There are 2 protein chains.
Amino acid sequence: MTRFSLLVEFDGRPFMGWQRQAHGPSVQQALEEAVQAVTGEQAVLHAAGRTDAGVHALGMRAHVDIGKPIEPFRLSEALNALLRPAPVAVLACEVVPDDWHARFSCRGRAYEYRILNRRAPLTFEKGLVWQVGRPLDAAAMHGAAQRLIGRHDFTTFRSAHCQSESPIKSLDRLEVVREGERVLIRAAARSFLHHQVRSMVGALAQVGLGRWTADDVTAALEARDRQRLPLNAPPDGLFFVDAIY
Amino acid sequence: MTRFSLLVEFDGRPFMGWQRQAHGPSVQQALEEAVQAVTGEQAVLHAAGRTDAGVHALGMRAHVDIGKPIEPFRLSEALNALLRPAPVAVLACEVVPDDWHARFSCRGRAYEYRILNRRAPLTFEKGLVWQVGRPLDAAAMHGAAQRLIGRHDFTTFRSAHCQSESPIKSLDRLEVVREGERVLIRAAARSFLHHQVRSMVGALAQVGLGRWTADDVTAALEARDRQRLPLNAPPDGLFFVDAIY
């Protein structure tokens, strides 16, 4: 068996998420079916992160073990041909050691959340951004975001369905920048709780709209209470951008 | 009657083009029906440029005359509400003098053509870029593009269906820049012939692939012969970005 690492880009709009689901299409299933068509083997893909329905990836990492001899470039070409017309692309493919694991070897994960801050309706980016019609104060959002940096109990920012053993995580980076009509939130950590990025973006949007102060964000964090959170940002704007090993 | 200028963004994928067609949806029809729903008036929209099927706009300018009293902001809000779910958005709306004309007053038009230069298939941008799998030399393309600047007979770069009285046009700007995997071609002129931008991009792609030299571009221009052109770039990557008055 040879272990291959795949760098995968996907548009999450038509998928129930990364993970195989009984009741709808998933990125994992699309890739596993393509691997089976190439190799005749029933392989299982492991990913650095299991994204939710409607969440996208610019640089997801996954691995798969294949018995049939095949060159990495040939494998990626064959997978891309078989994945059509699903909006999933293998950007890179390489052989890795047998003990390399896309999920367990991953030392850092980075997400980008994209807000289109304008009143006019979406045209090109339906399902690819969160549209916020009222003006957001990105500088205030960035300031408040710094309250969340470091090691904390993130229970407030955790889905009720989160399967993580502990709500304690270390957040390394949470930056908010404005680029014209866009407000981009970039988050990096060793790992995240379920819905953590979308929950943090939801809280920061309250700050951007002037409804919350940075102190309200601190208070919500310290409350360790999911009920303190006004809303989750929708999946549309969330992109998994990088896995670090 | 009051004349309103509209700044319009649209995703050209579902449309037969700007202009009303008997056999398919057009941006003009979508907007005219929205105006009629707001005002009860059968108004005609005039645009700075009539884009082809599948061509997009980030900043098309159009005007319309309306008898019913209405504030510009209210008009744009109502049009945007009625345009849903069509991917057309009115970004700005203002009252202009009665002799201001979106097409005839326009002193300059700017287009951007977007190439995604990578081997992996498209995910997020199907219909929004031209995918070229083999590496393009953007610097060589830019150099060759400068051969087309100035006042020339652009017969080689003109559709057989072009209705312009003369094939002589002045090209003010044709820049090719690489941004990562993207190659962007920016063109500006007082006006363009039908298919001129896509034809020029098709020729520059030949240069980028190493099949043509800059001298071949000059020779094709001077031949004034449509047969000299290897291909038109597809509409997917073409965006009308600005009209100058």
Side-chain angles (χ1 to χ4, degrees), chain A residues 6-15 27 30-31 34 54-60 72-93 112 114 116-129 131 133 180-182 236-241, chain B residues 6-15 27 30-31 34 54-60 72-93 112 114 116-129 131 133 180-182 236-241:
Chain A
L6 305 175
L7 182 66
V8 182
E9 177 183 279
F10 61 84
D11 178 341
R13 285 177 287 189
F15 295 109
V27 182
L31 281 161
V55 173
H56 320 287
L58 301 175
M60 178 60 78
F73 179 71
R74 280 276 305 118
L75 177 60
S76 66
E77 290 282 292
L79 293 177
N80 280 333
L82 287 156
L83 284 161
R84 290 172 200 270
V88 180
V90 177
L91 303 181
C93 178
E112 180 171 285
R114 300 179 179 173
L116 193 58
N117 189 25
R118 73 174 197 187
R119 192 158 173 88
L122 298 178
T123 55
F124 298 100
E125 296 188 289
K126 286 175 193 172
L128 297 175
V129 292
Q131 184 190 13
E181 286 184 333
R182 286 167 191 283
D236 311 46
L238 187 58
F239 291 73
F240 186 101
V241 292
Chain B
L6 305 175
L7 182 66
V8 181
E9 177 183 279
F10 61 84
D11 178 341
R13 285 178 287 189
F15 296 108
V27 182
L31 280 162
V55 173
H56 320 288
L58 301 175
M60 178 60 78
F73 179 72
R74 280 275 306 119
L75 177 60
S76 65
E77 291 282 292
L79 293 177
N80 281 333
L82 288 157
L83 284 162
R84 290 172 200 271
V88 180
V90 177
L91 304 181
C93 178
E112 179 171 286
R114 300 178 179 175
L116 193 59
N117 188 25
R118 74 175 197 188
R119 192 158 174 86
L122 299 178
T123 55
F124 298 101
E125 297 188 290
K126 285 176 191 170
L128 297 176
V129 292
Q131 184 190 12
E181 286 184 331
R182 287 167 190 283
D236 310 45
L238 187 58
F239 291 73
F240 186 101
V241 292

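By convention in this document, chain letters (A, B, ...) are assigned in the order of the sequence lines, proteins followed by strands, and residues within each chain are numbered from 1. Just so it is clear, the model here is predicted, and its values are computed rather than measured. Hydrogens, waters and symmetry mates are skipped; everything else that's a heavy atom, side chains included, is used.
The side chain to side chain donor-acceptor pair (under 3.5 Å) check on B:Asp11 picks up B:Arg13, with sequence neighbours excluded. Under the ring-ring contact (aromatic ring centres under 6.0 Å, His included) criterion, B:Phe240 pairs with B:Tyr111, not counting sequence neighbours. Qualifying side chain to side chain donor-acceptor pair (under 3.5 Å) partners for B:Glu181, counting only residues two or more places apart in sequence or in other chains: none.
Only the backbone of B:Phe10 comes within contact range of chain A, with at least one heavy atom under 4.5 Å from a heavy atom of that chain. With a 4.5 Å cut-off on non-hydrogen atoms, B:Glu77 touches chain A through its side chain but not through its backbone.
Of all residues in residues 81-89 of chain A, those placing a non-hydrogen atom less than 4.5 angstrom from a non-hydrogen atom of chain B are A:Arg84, A:Pro85, A:Ala86, A:Pro87, A:Val88, A:Ala89.
You'll find the side chain of A:Asn80 stays beyond 4.5 Å of the side chain of B:Arg119, heavy atoms only. A 4.5 Å side-chain heavy-atom check between B:Arg118 and A:Leu91 finds at least one atom pair inside the cut-off.
Ranked by heavy-atom pairs shorter than 4.5 Å toward chain A, the options B:Val90, B:Leu58, B:Thr123 are led by B:Thr123.
If you look at A:Phe239 and B:Phe124, their ring centroids are closer than 6.0 Å.
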